[in-house]
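Below is one structure, written out as structure tokens; the observations come after it.
Positions are given from 1, in the same order as the sequence printed here. Just so you know, ligand 1 is whichever comes first in the structure, and atom 1 is the first atom listed for that ligand.
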Amino acid sequence: MKKFSILIAGGGSTFTPGIVLMLLDNLDKFPIRKLKLYDIDKERQGIIAGACEVILREKAPEIEFLATTDPEEAFTDVDFVMAHIRVGKYAMRELDEKIPLKYGVVGQETCGPGGIAYGMRSIGGVLELIDYMEKYSPNAWMLNYSNPAAIVAEATRRLRPHSKVLNICDMPVAIEERMARILGLKSRKEMTVRYYGLNHFGWWTDIRDKEGNDLMPKLKEHVAKYGYVVNDGGDNQHVDASWQDTFLKARDVYALDPGTLPNTYLKYYFFPDEVVAHSNPNYTRANEVMDGREKFVFTECKKIIENQSTEGSALHIDEHASYIVDLARAIAYNTHERMLLIVENKGAISNFDPTAMVEIPCIVGSNGPEPLSIGEIPQFQKGLMEQQVSVEKLVVEAWVTKSYQKLWQALTLSKTVPSAKVAKQILDDLIEANKGYWPELH
Ligand SMILES: NC(=O)c1ccc[n+]([C@@H]2O[C@H](COP(=O)([O-])OP(=O)(O)OC[C@H]3O[C@@H](n4cnc5c(N)ncnc54)[C@H](O)[C@@H]3O)[C@@H](O)[C@H]2O)c1
Ligand SMILES: O=P(O)(O)OC[C@H]1O[C@H](O[C@H]2[C@H](O)[C@@H](O)[C@@H](O)O[C@@H]2CO)[C@H](O)[C@@H](O)[C@@H]1O
Ligand SMILES: [Mn+2]
């Protein structure tokens, strides 16, 4: 069996140890000969890498391991690049969230002005990774889950149309795991789903078991009462109260269109006033993550380094992330797995912009994804998606042409922003905050 060489780009990510543990747990399905980490922050990556080195020594000493900030060393002899970079790190996420809140607007990592600001930072970073990959390992595939995935995907479509990049998000995976729990199934893989939308902006229209039985009625009954909150508390990644609020709020999001089941992120577009009212402008999700996941992961990694052992470590396998192995296997072994990916519409949603990057089921094989046909979508979803996809396209246009005007239009068009005046105030603050990260706009 062929063994693969994997590069994790954004090696210093809080998700890296969980993903490495997950990869090691799946070696029988996806054998690895080399595992490399790449980041531009040597110090941050060094802590994660120090722990990963110990983990590998204990669990799979045969795998060659390397952490580097040198692109050539990182990207040479690689089969898959797993990309999860956060350009500007949590310090900039904090500003993305706090600046809009100053003006009474949703402050969120990937939605509204925060997502737009993050997009303007991420495009260059992700394109750079693609270029390194194509220079040093032209046969490799990039599995990209760097956010904001919608804007990044539009940028890759427009600026690197022939690159082997697959854009994917794990929010539907996390929700489907909850659905499986609600239904009493062992795994989300017992369900076959139909879903469409944009990234962090979509709906399930049909969910069946392998015999073809309709599972939507039971799920709807649950979601109408409890959203996606599950009795057993769910998974270990979403214990924070803010995530529980989001899963519960799906109940109200669902009420808007009881014919479908919604992605949790729609709450930021349907209930922005409530989201703002419940936000603390001085302590946002970025602060929660820095005080929670980041502190936890880095403390645990430092302990492992100090002890040169994982004994007693609280780091856990990121089981959610096994969708990444499914995706890599689909390419490597031509499995034809059915997965939700962010791909160019090209008529799959027949009454929607063919050039939009949409999140829909695809059959994935060695040649990449083959999107399934969705057909016509209703007026409500179509209207929402047209507005949102225009925001995403305008951001990429603004980045390419360095246009202040286009970015102002993007902010004004976002459903989360009340007026052009507020859009301009937020934009001017964001420009100041993002100096050195965004292209200079004129
Ligand atoms: N698509 C999804 O569903 C999904 C799910 C979870 C996380 N994510 C994304 O994964 C990423 C990592 O999240 P995190 O919370 O662990 O962030 P993090 O800040 O802990 O890690 C990101 C790392 O990226 C590095 N980085 C920044 N710019 C870089 C560049 N140009 N080249 C190489 N490395 C660079 C940083 O130095 C940092 O170490 C984010 O983009 C996040 O939004 C996506
Ligand atoms: O606020 P954060 O940084 O905790 O989460 C933001 C991300 O939320 C989603 O990812 C979840 C994912 O759904 C879950 O399976 C697990 O891996 O945790 C992730 C982080 O909580 C979303 O899909 C991402 O795009 C966001 O970045
Ligand atoms: Mn996501």
Side-chain angles (χ1 to χ4, degrees), residues 7-19 22 37-49 67-69 71 74-75 81-94 96-97 108-111 114-115 118-119 121-132 143-153 166-178 188 198-202 228 234-240 242-243 246-247 263-265 284-290 292-295 297-298 317-324 340-342 359 437:
L7 172 66
I8 299 182
S13 159
T14 54
F15 292 105
T16 298
I19 288 178
M22 180 280 296
L37 305 187
Y38 168 73
D39 205 291
I40 53 172
D41 183 336
K42 190 169 188 226
E43 203 187 326
R44 184 180 177 86
Q45 175 169 262
I47 298 164
I48 302 286
T68 178
T69 53
F75 286 81
V81 178
M82 299 177 174
H84 58 198
I85 61 169
R86 184 185 291 285
V87 179
K89 296 180 277 190
Y90 292 126
M92 290 309 296
R93 174 175 179 175
E94 186 178 4
D96 291 346
E97 293 169 351
Q108 215 279 327
E109 181 198 24
T110 62
C111 304
Y118 187 13
R121 292 196 303 276
S122 289
I123 295 170
V126 172
L127 294 183
E128 185 177 72
L129 298 181
I130 295 172
D131 293 345
Y132 287 146
L143 316 182
N144 179 58
Y145 35 102
S146 309
N147 268 319
I151 292 169
V152 167
L166 299 172
N167 293 295
I168 190 160
C169 165
D170 64 0
M171 197 69 242
V173 168
I175 297 172
E176 284 172 20
E177 274 167 4
R178 282 171 178 260
R188 68 183 169 87
L198 310 171
N199 179 238
H200 289 181
F201 204 96
Y228 295 117
D235 51 89
N236 54 18
Q237 298 244 359
H238 296 117
V239 286
D240 292 338
S242 54
W243 268 109
T246 294
F247 287 122
N263 192 303
T264 43
Y265 275 93
T284 59
R285 177 68 189 154
N287 300 110
E288 231 174 61
V289 173
M290 285 186 271
R293 185 172 69 237
E294 188 184 42
K295 203 166 266 174
V297 168
F298 280 84
I317 300 176
D318 184 351
E319 270 153 15
H320 284 93
S322 61
Y323 74 94
I324 300 167
L340 296 182
L341 290 178
I342 307 161
E359 195 163 297
Y437 287 112

In this structure, does ligand 2 have an atom that sits under 4.0 Å from one of the heavy atoms of Thr110? no
Is the closest heavy atom of Arg293 to ligand 1 under 4.0 Å? yes
Hey, does Asn287 have a side-chain heavy atom less than 4.5 Å from the side chain of Glu94? yes
In terms of atom number and element, which parts of ligand 1 are under 4.0 angstrom from non-hydrogen atoms of Tyr38? 33 (C)
Honestly, for Thr16 the part within reach of ligand 1 (heavy atoms, under 4.0 Å) is neither
Answer yes or no: does an N/O atom from Gly88 fall short of 3.5 Å to an N/O atom of ligand 1? no
When you check the side-chain N and O atoms of Ser242 and Asp240, is any donor under 3.5 Å from an acceptor? no
Polar contacts were defined as any N/O atom of the residue lying under 3.5 Å from an N/O atom of the ligand; does this apply to Asp41 and ligand 1? no
Polar contacts were defined as any N/O atom of the residue lying under 3.5 Å from an N/O atom of the ligand; does this apply to Tyr265 and ligand 2? yes
Does any part of the side chain of Tyr90, heavy atoms only, come nearer than 4.5 Å to the side chain of Val289, both counted from C-beta? yes
One finds that the ligand 1 atoms under 4.0 Å from a non-hydrogen atom of Phe15 are 6 (C), 7 (C), 13 (O), 14 (P), 15 (O), 16 (O)
Subset of ligand 1 atoms that lie under 4.0 Å from at least one heavy atom of Glu109: 42 (C), 43 (O)
For Ala321 and Ile19, work out which heavy atoms get closest and say how close. CB-CG1, 3.9 Å
Atom indices of ligand 2, in the order listed, that fall short of 4.0 Å to a heavy atom of Cys169: 23 (O)
Side chain, backbone, both or neither: the part of Trp243 lying under 4.0 Å from ligand 2 by heavy atom: side chain
Looking at ligand 2, would Arg293 count as a contact under a 4.0 Å heavy-atom criterion? yes
Quick one: which ligand 1 atoms are inside 4.0 Å of a heavy atom on Cys169? 1 (N), 2 (C), 3 (O)
Measuring from non-hydrogen atoms of Val173 to any atom of ligand 2, is the shortest distance under 4.0 Å? no
of all protein heavy atoms, closest to atom 34 (N) of ligand 1 is Ile85 CG2, 3.3 Å
4.0 Å heavy-atom contact, Thr110 with ligand 1: no
Using a plain distance cutoff, I'd like to know if His200 has any nitrogen or oxygen under 3.5 Å from a nitrogen or oxygen of ligand 1. no
Determine, for Asp39 against Arg44, whether the closest basic-nitrogen to carboxylate-oxygen distance falls under 4.0 angstrom. no
At the 4.0 Å heavy-atom cut-off, does Gln108 count as touching ligand 2? no
Could you pull out the closest heavy-atom pair between Tyr228 and Arg178, with the gap in Å? O-NH1, 3.0 Å
For Ala9 and Leu129, the nearest pair of non-hydrogen atoms, with its separation, is CB-CD1, 3.9 Å
Could you check atom 14 (P) of ligand 1 against the protein and tell me its nearest heavy-atom contact, residue, atom and distance included? Tyr90 OH, 3.3 Å
Where on Arg285 is there a heavy atom closer than 4.0 Å to ligand 2, on the side chain, on the backbone, on both, or on neither? side chain
Just jot down the ligand 1 atoms closer than 4.0 angstrom to any heavy atom of Ser146, in number order. 41 (O)
Taking 4.0 angstrom as the limit and counting only heavy atoms of Asn147, give me the atoms of ligand 2 inside it, by number and element. 24 (C), 25 (O), 26 (C), 27 (O)
So, is Tyr323 polar-close to ligand 1, with some N/O to N/O distance under 3.5 Å? no
Looking only at side chains, do Arg188 and Tyr323 share a donor and an acceptor under 3.5 Å apart? no
Per-atom contacts of ligand 1 with Ile168, taking only distances under 4.0 Å to non-hydrogen atoms: 1 (N)
Any idea which part of Tyr118 is under 4.0 Å from ligand 2, heavy-atom wise: side chain, backbone, both or neither? neither
Of the backbone atoms (N, CA, C, O) and the side-chain heavy atoms from C-beta on, which set of Arg93 has a member under 4.0 Å from an atom of ligand 2: side chain, backbone, both, or neither? side chain
May I ask you to check if ligand 1 and Thr14 share an N or O to N or O distance below 3.5 Å? yes
Under 4.0 Å from one or more heavy atoms of Val87, ligand 1 contributes atoms 27 (C), 28 (N)
Option of least heavy-atom distance to atom 13 (O) of ligand 1 (set: Arg121, Met171, Arg86): Arg86
Run down the list Asp170, Asn144, Asp39, Ile47 and name the one with the heavy atom closest to atom 5 (C) of ligand 1. Asp170
So His84 and Phe15, would you call those rings parallel, tilted or perpendicular, with 30° and 60° as cut-offs? tilted
So which heavy atom in the protein is nearest atom 20 (O) of ligand 1, and how far is it from that ligand atom? Arg44 NH2, 2.7 Å
Just say parallel, tilted or perpendicular for the rings of Tyr38 and Tyr132, cut-offs at 30° and 60°. perpendicular
Does only the side chain of Glu109 get under 4.0 Å from ligand 2, or the backbone, or both, or neither? Count heavy atoms. side chain
Run the numbers for me: atoms of ligand 1, each under 4.0 Å from some heavy atom of Gly12, listed by number. 20 (O), 39 (O)
With a 4.0 Å cut-off on heavy atoms, does Arg93 reach ligand 1? no
With heavy atoms only and a cut-off of under 4.0 Å, state how Ala149 meets ligand 1: side chain, backbone, both or neither. neither
Just to check, does His200 reach to within less than 4.0 Å of ligand 2 when the distance is taken from its heavy atoms? yes
Please check whether Glu128 reaches ligand 1 - meaning an N/O of the residue sits under 3.5 Å from an N/O of the ligand, judged on distance alone. no
Just to be sure I read this right, does ligand 1 sit under 4.0 Å from the backbone of His84, its side chain, both, or neither, counting only heavy atoms? both
Gln45 and ligand 1 - part of the residue with a heavy-atom distance under 4.0 Å: neither
Below a 4.0 angstrom heavy-atom separation, can you tell me which part of Tyr118, side chain or backbone, both or neither, approaches ligand 1? side chain
Residue, atom name and distance, where the atom is the protein heavy atom closest to atom 8 (N) of ligand 1: Tyr145 O, 3.5 Å
